[in-house]
Amino acid sequence: MASLLDKLNPEQLAAVTLPAEPALILAGAGSGKTRVLTTRLAWLLQTGQVTQSGVLAVTFTNKAAKEMLTRLSAMLPINTRGMWIGTFHGLCNRFLRAHHREAALPQTFQILDTSDQLAAIKRLLKALNVDDEKYPPRELQHFINGNKEAGYRAHAVEAWDDYTRKRVELYAEYDAQCQREGVVDFPELLLRSYELLERNEPIRRHYQSRFRHVLVDEFQDTNRLQYLWLKLLAGHATASPAAVFAVGDDDQSIYGFRGAEVGNMRDFEREFKVPRVIRLEQNYRSHGNILDAANAIIANNSKRLGKNLWTDQGSGEPIRVYEAVADLDEARWIVEEIQQLVRDGASRSDIALLYRSNAQSRVLEHQLFSLGISYRVYGGLRFFERQEIKHALAYLRLIANPDDDTAFARVVNFPTRGIGARSLEQLQDASRVYNTSLYATVSHLSGKPAQAVGAFVRLIEEMRHATTGLPLPEVVDHVLDVSGLRTHYKAEREGEERLANLDELINAAAYFVHEDGAPPAEGEEVLAGDPLSRFLSHASLEAGDHQADAGQDAIQLMTVHAAKGLEFDMVFLSGLEDGLFPHENSITSLEGLEEERRLMYVAVTRARQRLYLSLAQSRMLHGQTRYAMKSRFFTEIPEELLKWLTPRVQQGFGAVHTPTRNYDGDNHATSRLNTPRQNGRDLGGFYVGQAVRHGRFGSGVIVSAEGSGADARVQVNFGSGVGIKLLALSVAKLEAE
DNA sequence: TCCATACTTATTTTT
DNA sequence: TAAGTATGGA
């Protein structure tokens with residue numbers, strides 16, 4: 001037992017061995033958060049304070065849940081299968097399958113992913129004849145999900161204006177449609193579970209008395225509904241509440257834009273009366289200079305719970321900074337530097353290239369590609385999101401649940417079988433009249449459309465019949481043939497990859513059955529439902545890997561968001577320009593800016609040994625060259641931690657006049673940029689891209705120009721604090737800097 | 001039904 | 001720029 005607690009630092013040890021009471025662990029970046037969480041779980045089990053079935057551990061991602069299970073099995077010789085360790089959505093799915101009747105759902109209910117949900121909303125708007133210009137589907141989706149995640153059903157949403165009233169009405173209609181079809185979206189998994197617990201006392205009591213210890217990972221990312229769900233499940237208001245062990249870092253809260261409420265941490269501390277917040281501040285990842293920079297940056301945020309990272313590893317190297325003239329030069333420099341690192345023996349996969357937004361990867365990729373350096377871009381389409389896979393899954397969904405109109409609409413005419421828009425419209429209308437699903441409505445139809453659609457229904461019936469009792473992989477195989485999907489993609493010019501993916505789906509099914517069939521631990525129940533429904537919910541809840549060959553030794557490219565939780569020996573953080581990072585859409589509000597700052601904090605703390613920061617004075621954005629100032633975050637890092645690799649004269653764009661400014665001496669891009677006249681406009685000697693000084697606003701860059709001569713006006717970006725100003729040259733006393 | 005062309009729009013994203 | 005959607009003609 002001692003071995004479990006070995007090598008923990010005093011704070012970690014204190015956290016792991018806390019008594020059964022509400023606990024809040026503020027775990028800084030690289031402080032051994034996962035280790036503490038897993039060791040706590042193992043320790044509770046090993047010391048007999050709780051049984052396997054008395055534990056609920058919840059994470060946000062499948063990856064984190066898997067990691068916890070793997071590490072737990074490595075610590076204790078136990079069968080973890082059947083334990084309630086998983087994602088919020090995964091656990092709620094399991095809960096709802098087990099109590100589908102009480103939750104008023106068919107046992108085979110299907111889960112809509114984000115794109116399915118959007119399709120369902122579009123279909124609803126069409127059926128109700130709602131103008132989708134006035135009520136854009138995406139906006140409506142956001143409205144519905146936002147309300148669900150705050151815990152509000154349509155009837156509970158306050159609406160003070162006609163527009164909102166209409167959206168609330170559509171929200172109610174949407175829920176009714178989902179109910180008819182036997183499908184639930186992501187937030188619905190949570191809300192439905194919450195409502196069931198709230199309404200059904202026997203079930204609530206059962207789970208409240210069962211779970212004695214509730215462990216929550218990444219607590220700062222919880223939304224309101226998740227917080228309420230935890231509170232209820234843990235029996236917060238009851239005589240014998242479960243001990244909630246919440247681990248998180250308010251400084252790494254970067255998902256506010258999708259409903260995460262950092263405030264949940266404060267609320268938790270207060271409402272659960274956490275006796276003592278434990279801070280994990282010793283960092284095992286980065287060298288001192290990197291941590292000093294991170295601490296300095298995040299110190300500018302208000303409303304923090306407070307925390308300061310430290311290390312005993314020494315200060316290490318300075319942070320290297322490079323200011324390029326243009327995005328292309330920045331990319332060239334980064335790639336050149338990477339080549340040097342690799343020549344010096346660095347392994348490519350230890351090098352990460354981070355950026356604020358996905359669009360920035362293009363220049364970088366281009367540069368890497370042309371120099372033949374292997375790289376891997378994270379993000380993008382995942383396995384279960386590919387169209388051919390979604391088509392195949394739609395057939396499977398119809399076998400499991402014929403009322404799933406989203407699945408029906410997706411494949412009724414794919415591959416094409418002569419069912420046009422008019423037939424479908426008729427079917428939609430009839431389905432409203434009879435209040436039945438599209439599938440069930442077909443029997444009411446007559447005439448020509450009924451023939452074609454009827455044939456489709458018979459096809460699905462045959463599929464269901466032929467696959468009953470077959471092992472899952474064979475079901476999939478059969479469906480791929482009979483649906484005509486295989487034939488379709490065989491005929492398609494570039495269908496080989498799609499065909500390969502479809503075959504991969506059979507493998508995924510086989511693998512799933514293999515995992516799914518393992519015997520559960522004693523006293524544990526497995527997920528209820530038939531194997532097909534289980535596989536389908538697995539496909540929705542776990543969209544699979546982001547493509548790319550993970551095993552290869554390649555440079556890692558990703559957004560800062562995607563990098564959260566990861567670490568690399570060397571990190572390049574590119575595009576550090578005001579307007580890009582922090583993003584211009586976020587700088588208008590304090591909360592927005594503080595989230596950007598947390599993002600910056602996350603980015604900086606990814607680096608173990610070496611951190612590079614870079615920016616470009618001009619950048620191609622939306623097909624136009626844009627000029628920007630250095631990111632305001634530079635001013636938040638103590639100067640002595642930075643090592644400028646570009647001559648200091650260049651800062652503030654003074655260098656545009658110096659002859660050698662580009663990394664490789666190639667200055668054609670610059671000479672084009674700095675032509676003192678643009679579009680023949682007379683700007684009295686000024687030009688776009690020029691560094692200027694204003695008496696009141698300070699120094700900035702001319703971003704754009706309009707008018708000419710006496711009417712000439714220019715937009716000047718003054719950076720931090722001031723922002724972009726439109727100034728008439730005849731009025732404003734600008735001087736070249 | 002399919003294909004070409006025009007038009008729009010442009011963070012971050014897991015489940 | 002460039003991807004995604006919308007529209008209209010064959």
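The sequence lines fix the lettering, A, B, ..., with proteins before strands; numbering per chain opens at 1.
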Whole angstrom value for the distance that separates P of B:dT13 from CZ of A:Arg598: 17 Å
query: A:Leu225 CG to B:dT15 P: how many Å, rounded?
result: 17 Å
- prompt: A:Glu596 near the nucleic acid: base, sugar-phosphate alone, or nothing, with a heavy-atom cut-off under 4.0 Å?
  reply: base
query: What's the base orientation of B:dT12: syn (chi within 90° of 0) or anti?
result: anti
- prompt: Just checking A:Asp113: base, sugar-phosphate only, or nothing, at a heavy-atom cut-off of under 4.0 Å?
  reply: nothing
query: For the pair made of NE2 in A:His142 and C1' in B:dT13, what is the distance, rounded to whole Å?
result: 11 Å
message: Tell me if the centroids of the rings in A:His583 and A:Phe257 come within less than 6.0 Å of each other.
response: no
query: What's the CG-P distance between A:Leu541 and B:dT13, to the nearest Å?
result: 20 Å
message: Side chain of A:His561 only, heavy atoms from C-beta on: which candidate in B:dT15, B:dT1, B:dT12 is closest?
response: B:dT12
message: Heavy atoms from C-beta onward define the side chain here; which of B:dT1, B:dT15, B:dT11 lies closest to that of A:Phe186?
response: B:dT15
task: Would you mind classifying the nucleic acid contact of A:Tyr255 as base, sugar-phosphate or nothing, using non-hydrogen atoms under 4.0 angstrom?
output: sugar-phosphate
- request: Among B:dT11, B:dT14, C:dT5, find the nucleotide with the atom closest to the side chain of A:Arg138.
  value: C:dT5
message: Using a strict threshold of under 4.0 Å (side-chain N to carboxylate O), is an ion pair present between A:Lys303 and A:Asp250?
response: no
- prompt: Have A:Gln426 and A:Ser423 got a donor and an acceptor in their side chains that come within less than 3.5 Å?
  reply: no
task: Ignoring hydrogens and angles, state whether a donor on the side chain of A:Asp404 or A:Gln110 is under 3.5 Å from an acceptor on the partner side chain.
output: no
statement: Picking from B:dT11, B:dT1, B:dT13, the nucleotide nearest the side-chain atoms of A:Asn413 would be B:dT1
- prompt: In whole angstrom, what separates A:Asn93's CG from B:dT15's P?
  reply: 14 Å
query: Distance check: side-chain N/O of A:Arg362 vs OP1/OP2 of C:dA2, anything under 4.0 Å?
result: yes
- request: Can you figure out which of B:dT15, B:dT11, B:dT1 approaches the side chain of A:Thr416 most closely?
  value: B:dT1
message: Ignoring hydrogens and geometry beyond distance, is a side-chain donor-acceptor pair present between A:Asn93 and A:Arg97 at under 3.5 Å?
response: yes
- prompt: More 5' along DNA chain B: A:His89 or A:His622, using each one's nearest nucleotide?
  reply: A:His622
statement: The nucleotide from B:dT11, B:dT15, B:dT1 with an atom nearest the side chain of A:Asn585 is B:dT11
Out of B:dT14, C:dT1, B:dT13, whichever nucleotide has its closest atom nearest the side chain of A:Thr559: B:dT13
- prompt: How many Å lie between CG on A:Leu566 and P on B:dT13, as a whole number?
  reply: 13 Å
message: Can you see whether A:Glu636 engages A:Asn300 through a side-chain donor-acceptor pair at a distance of less than 3.5 angstrom?
response: yes
- prompt: Do A:Ser586 and B:dT12 have a side chain to base donor-acceptor pair shorter than 3.5 Å?
  reply: no
- request: Specify the separation, in whole Å, of atom CZ of A:Phe257 and atom C1' of B:dT15.
  value: 13 Å
message: Using whole Å, what does the distance between atom P of nucleotide B:dT15 and atom CG of A:Leu96 come to?
response: 18 Å
- prompt: Can you tell me how far C1' in B:dT11 sits from the matching atom in C:dA6, rounded to whole Å?
  reply: 25 Å
- prompt: Heavy atoms under 4.0 Å, any strand shown: does A:Asn358 hit a base, just sugar-phosphate, or nothing?
  reply: sugar-phosphate
